[in-house]
Amino acid sequence: MTAFWTEPDFDDHELVQVVRERQSGLTAIIAVHSSHLGPGAGGTRFWHYPNPKDGLRDALRLSRGMSYKNAMAGLPMGGGKAVILADKARAKTPEMLAAFGDTVEKLGGQYVTAEDVGMSEADMVALSQRTAHVSGLPVSGENAAGGDPGPFTSYGIYLGILAAIRYKLGKDSARGVHVAVQGVGSVGGGVARLLARDGAKLTLADIDEGAAQKLAHDLGATVVAADAIMTTPCDVLSPNALGAILDEHSIAALDTAIVAGGANNQLARAHHGEPLFARDILYAPDYVINAGGIISVASEYLARREGRVGSVEEVKERIRQIPGRLEEIWQESASTRTSPDIVADRMAQKLIGRG
Ligand code: NAD
């Protein structure tokens, strides 16, 4: 690999380590973007990249994203990310995980890993046999922090949507507010359930229409086709499926006052926050509103480092700070006439000492 620092996604990363372990066939890249606030935390992605350079780009880009996300979540954690470059068959062996765990351990806590695409809770358990610097492990008891981060992500998004409704629509609850939810998987399904409890009017869409129908039946919601949700007239559009859904064309066709959902990287390109802002649509920056999952994973790790088991209540307490952070962003956005995504990036840069 030549001169990674000439890559456009290189942003003065503190550590970029290429791992090659012949016996197990492991090839991985570990990147720590910033440790200004604490150890570089972020999941490991197990993915087949036909061009290994794309793996490097993912490690660089995603670790920087984690610096911003962790900082804005108020966590004493920096930003890191690892990618394991899988072969075409995506064969994952215990030996490979052991070699990867050994490398994480050798970094002595500079990098803390967890699940990401292609890595399961069981894989984290395997890694924990070799390193202490792993999180996202099974819950160890009732009300203990850990386990599936999905419900915590949903909870943060729900609170963020309530904050947006308050800020933009001047309403104290979601009762009667029309929310269009794109994607009813782990995150979107949880958001819909929480909003239904408050009496929101829900329209759901998923490419798995059966899943949308089933949830709609349980919640008394309406279903539209997956390709119709982005243009559904509503108060809040909550994207909880794919990234890169907001570009010039889709933004021009939106019929909503608010975009607030958990999908990562909703803006197709960095400059697409601008047309949203120009249309006076309130945007909740994705990495701020969807931080509930990382808050859960980080709280679990931080408590374990102190020799105790973290609690669900302390995770929720941290998640309850998401609305305040969003309000701060929106106020700054209004007073400086700058789109909220740019405001969030600047706040994050300041927090990690790069402002
Ligand atoms: P998931 O796989 O459980 O759910 C995604 C759902 O979206 C699926 O039901 C899928 O059928 C549906 N979908 C896919 N393409 C669609 C389309 N074009 N239109 C409508 N629906 C579509 O995944 P998840 O864990 O719920 O994650 C959802 C999003 O939130 C992802 O972007 C993920 O990166 C992000 N996110 C998740 C977490 C977490 O804790 N799980 C944390 C932060 C961010």
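Both counts, for ligands and for their atoms, begin at 1 and track the order of listing.
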### Query
Do Arg166 and Asp172 have side-chain heavy atoms sitting under 4.5 Å apart?
yes
### Task
Could you tell me whether the side chain of Ile342 reaches within less than 4.5 Å of the side chain of Phe277, counting heavy atoms only?
no
### Query
Does some side-chain heavy atom of Leu246 sit less than 4.5 Å from a side-chain heavy atom of Leu254?
yes
### Message
Using heavy-atom distances only, which candidate in Asp116, Asp148, Val117, Ile207 approaches atom 21 (N) of ligand 1 most closely?
### Response
Ile207
### Task
Specify the protein heavy atom at minimum distance from atom 30 (O) of ligand 1: its residue, its atom name, and the distance to 0.1 Å.
Gly262 O, 3.4 Å
### Message
At less than 4.0 angstrom from any non-hydrogen atom of Leu242, what atoms of ligand 1 do you find?
### Response
15 (N), 18 (N)
### Query
Side chain or backbone of Asn264 under 4.0 Å from ligand 1, or both, or neither, by non-hydrogen atoms?
both
#### Entry: atom 40 (O) of ligand 1: nearest protein contact (heavy atom, Å)
Thr153 OG1, 2.7 Å
### Query
Is there a donor in the side chain of Asp345 and an acceptor in the side chain of Tyr287, or the other way round, less than 3.5 Å apart?
yes
## Note on the structure
Taking only non-hydrogen atoms of Gly183 and a 4.0 Å limit, the atoms of ligand 1 in range are 7 (O), 21 (N)
### Task
Report yes or no: does a heavy atom of Gly150 sit under 4.0 Å from some atom of ligand 1?
yes
### Message
Looking at atom 18 (N) of ligand 1, tell me if a protein heavy atom falls under 4.0 Å from it.
### Response
yes
### Task
Note the single closest protein heavy atom to atom 4 (O) of ligand 1, along with its residue, its atom name and the distance in Å.
Gly185 CA, 3.3 Å
### Task
Quick one: look at Asn240 and ligand 1, take heavy-atom pairs under 4.0 Å, and tell me if it's side chain, backbone, both or neither.
backbone
### Summary
The protein heavy atom nearest to atom 29 (C) of ligand 1 is Ala241 O, 3.5 Å
### For Ala260 against Ile157, the heavy-atom pair lying closest together
O-CG2, 4.4 Å
### Message
Evaluate Lys69 for polar contact with ligand 1, using N/O atom pairs at a separation under 3.5 Å.
### Response
no
### Query
Can you tell if the side chain of Asp102 reaches within under 4.5 Å of the side chain of Glu21, non-hydrogen atoms only?
no
### Query
Where is the nearest protein heavy atom to atom 26 (O) of ligand 1: which residue, which atom, and how far?
Val187 N, 2.8 Å
### Query
Between Lys168 and Asp280, does a salt bridge (Lys or Arg N to Asp or Glu O under 4.0 Å) hold up when you go through it step by step?
CA-CA 10 Å; Lys168 180 77 179 173; Asp280 198 22; 3.3 Å; yes
### Message
Check this for me: does any side-chain nitrogen of one of Asp12 and Arg354 sit under 4.0 Å from a carboxylate oxygen of the other?
### Response
no
### Query
Are any non-hydrogen protein atoms located under 4.0 Å from atom 36 (N) of ligand 1?
yes
### Message
Side chain or backbone, does Asn290 bring an N or O within less than 3.5 Å of an N or O on ligand 1?
### Response
no
### Task
Establish, from distance only, whether the side-chain atoms of Thr131 and Tyr111 form a donor-acceptor pair under 3.5 Å.
no
## Note on the structure
Looking only at protein heavy atoms, what sits closest to atom 10 (C) of ligand 1 is Asp206 OD1, 3.4 Å
### Message
Can you confirm whether the side chains of Ser299 and Arg318 place a donor and an acceptor under 3.5 Å from each other?
### Response
yes
### Query
Where is the nearest protein heavy atom to atom 3 (O) of ligand 1: which residue, which atom, and how far?
Ser186 N, 2.9 Å
